[in-house]
Amino acid sequence: MDMSCKIKSELGIIKITKPTIGQAVVGAIGPLHTMVQIVNKKGHGMGQWGEAYRPNMASLVEIITDVDGLAINLHIITKFGTSIKETTDTMSKLIRQNLKNMFGLEVDYLTFTIVGVKSKEVARRNLIIRG
């Protein structure tokens, strides 16, 4: 299984590892850390709610590279009262811009799975939004 994404440039082929792409994704949505939390498929995150993102959170970003292009899947918990459409649209825009600016990568598929909504407790959900 290839752990990198290859980009063809005028200087040749450049390899960018999946963990590096994951860190760029986490960094892109960092300003939204009070509204969303990146978690695994079971809804377990790293750190406390509202805490700034850390580089090890990149391991929670699912990145798939194949002949269809670059696909990114994120499992998140949103804060109660947050507009899901507005938040996922903003996240999509930030991720796409960051990967384009940093690496020249175009994201072909971007999927957000909302596994829960945070109020006093986390109410489990399973909503899938394509960005």
Side-chain angles (χ1 to χ4, degrees):
M1 186 165 156
D2 191 13
M3 291 295 293
S4 65
C5 183
K6 296 174 186 169
I7 302 170
K8 194 173 189 177
S9 74
E10 65 275 357
L11 300 175
I13 295 176
I14 301 168
K15 284 187 177 183
I16 302 169
T17 63
K18 289 183 180 182
T20 302
I21 295 170
Q23 285 186 5
V25 169
V26 169
I29 60 173
L32 303 176
H33 74 273
T34 58
M35 294 186 288
V36 295
Q37 183 179 20
I38 302 172
V39 295
N40 64 17
K41 291 178 182 181
K42 294 182 179 181
H44 301 288
M46 296 180 176
Q48 298 297 314
W49 180 265
E51 184 176 65
Y53 289 124
R54 298 185 301 241
N56 62 345
M57 291 181 178
S59 64
L60 299 174
V61 180
E62 184 181 350
I63 299 163
I64 303 162
T65 56
D66 57 21
V67 292
D68 292 333
L70 176 63
I72 297 173
N73 299 325
L74 279 176
H75 294 82
I76 60 172
I77 294 175
T78 62
K79 186 176 179 181
F80 181 77
T82 303
S83 167
I84 291 172
K85 179 175 178 13
E86 193 174 301
T87 303
T88 55
D89 285 350
T90 301
M91 288 173 61
S92 178
K93 179 181 168 193
L94 290 171
I95 290 168
R96 289 176 190 279
Q97 280 180 342
N98 205 35
L99 291 177
K100 179 71 172 170
N101 293 342
M102 289 180 79
F103 309 118
L105 287 175
E106 294 287 343
V107 179
D108 298 296
Y109 304 98
L110 184 54
T111 305
F112 303 104
T113 302
I114 300 173
V115 296
V117 176
K118 171 81 170 146
S119 56
K120 290 182 181 179
E121 297 292 322
V122 174
R124 299 288 174 206
R125 302 286 186 263
N126 197 21
L127 306 171
I128 300 173
I129 292 108
R130 307 217 187 274

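Along the sequence shown, residues carry numbers from 1.
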J.: Are any non-hydrogen side-chain atoms of T82 and V36 less than 4.5 angstrom apart?
T.: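 Not in contact.
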J.: Under the 3.5 angstrom rule, does the side chain of R96 hit a backbone N or O of V107 as a donor-acceptor pair?
T.: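 Yes, because the side chain of R96 sits within donor-acceptor range (under 3.5 Å) of the backbone of V107.
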J.: Any donor and acceptor pair, going by atom type alone, linking the side chain of S92 with main-chain N or O of T88 inside 3.5 Å?
T.: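 Answer holds: no.
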J.: Quick one, M35 and T90 - any side-chain contact, counting heavy atoms below 4.5 Å?
T.: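 Result no, sub-4.5 Å side-chain heavy-atom pair not found.
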J.: So, does D108 use its side chain to make a donor-acceptor pair with the main chain of L70 at under 3.5 Å?
T.: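 A pair under 3.5 Å: yes.
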J.: Between OG1 of T78 and NZ of K118, what distance do you get to the nearest 0.5 Å?
T.: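 Reported to 0.5 Å precision, the distance equals 11.5 Å.
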J.: Report yes or no: do I64 and L60 belong to one cluster of Ile/Leu/Val/Met/Phe/Trp/Tyr joined by side chain heavy-atom distances under 4.5 Å?
T.: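 Per the 4.5 Å side-chain linkage, I64 and L60 are not co-clustered.
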J.: Indicate yes or no for a side-chain donor-acceptor contact from N98 to the backbone of A24 under 3.5 Å, with no hydrogens or angles considered.
T.: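 Here the side-chain-to-backbone pair exists.
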J.: Could you pull out the closest heavy-atom pair between I128 and R130, with the gap in Å?
T.: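 Answer, listing the atom of I128 first, then R130: CG2-NH1, 4.1 Å.
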J.: Would you compute the distance between atom CD1 of I63 and atom CG of L74 and round it to the nearest 0.5 angstrom?
T.: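 Here the rounded value is 8.5 Å.
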J.: If you measure from CD1 on I76 to CD1 on I38, what distance do you get to the nearest 0.5 Å?
T.: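 Interatomic distance, I76 CD1 to I38 CD1, rounded to 0.5 Å: 8.5 Å.
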J.: State, to 0.1 Å, how close V39 and V115 come at their nearest heavy-atom pair, and which atoms those are.
T.: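 Shortest heavy-atom separation between V39 and V115 comes out as CG2-CG2, 3.4 Å.
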J.: Quick one: closest heavy-atom pair of P19 and A58, and the distance?
T.: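 For P19 versus A58, the nearest heavy atoms are O-CB, 4.1 Å.
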J.: Hey, could you give me the CZ/OG1 distance between F112 and T87, rounded to the nearest 0.5 Å?
T.: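 Reported value, rounded in 0.5 Å steps: 10.0 Å.
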J.: I21 and M102: same hydrophobic cluster, using ILVMFWY side-chain contacts below 4.5 Å?
T.: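 Same cluster: I21 reaches M102 through Ile, Leu, Val, Met, Phe, Trp or Tyr contacts under 4.5 Å.
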J.: Side-chain contact test, heavy atoms from C-beta onward, threshold under 4.5 Å: evaluate it for F103 versus T20 and give yes or no.
T.: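 Touching, per the 4.5 Å side-chain cut-off.
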J.: So do N73 and T113 actually touch side chain to side chain, heavy atoms under 4.5 Å?
T.: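 No, every pair of side-chain atoms sits at 4.5 Å or beyond.
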J.: Roughly how far, to the nearest 0.5 Å, is NE2 of H44 from NE2 of H75?
T.: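 The distance works out to 12.5 Å.
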J.: Drop me the distance from I95's CD1 to L105's CG, to the nearest 0.5 angstrom.
T.: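 I95 atom CD1 to L105 atom CG measures 13.0 Å (nearest 0.5 Å).
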J.: Linking I/L/V/M/F/W/Y whenever their side-chain heavy atoms sit closer than 4.5 Å, directly or via other members, would I114 and L94 fall into one cluster?
T.: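 Cluster IDs for I114 and L94 match.
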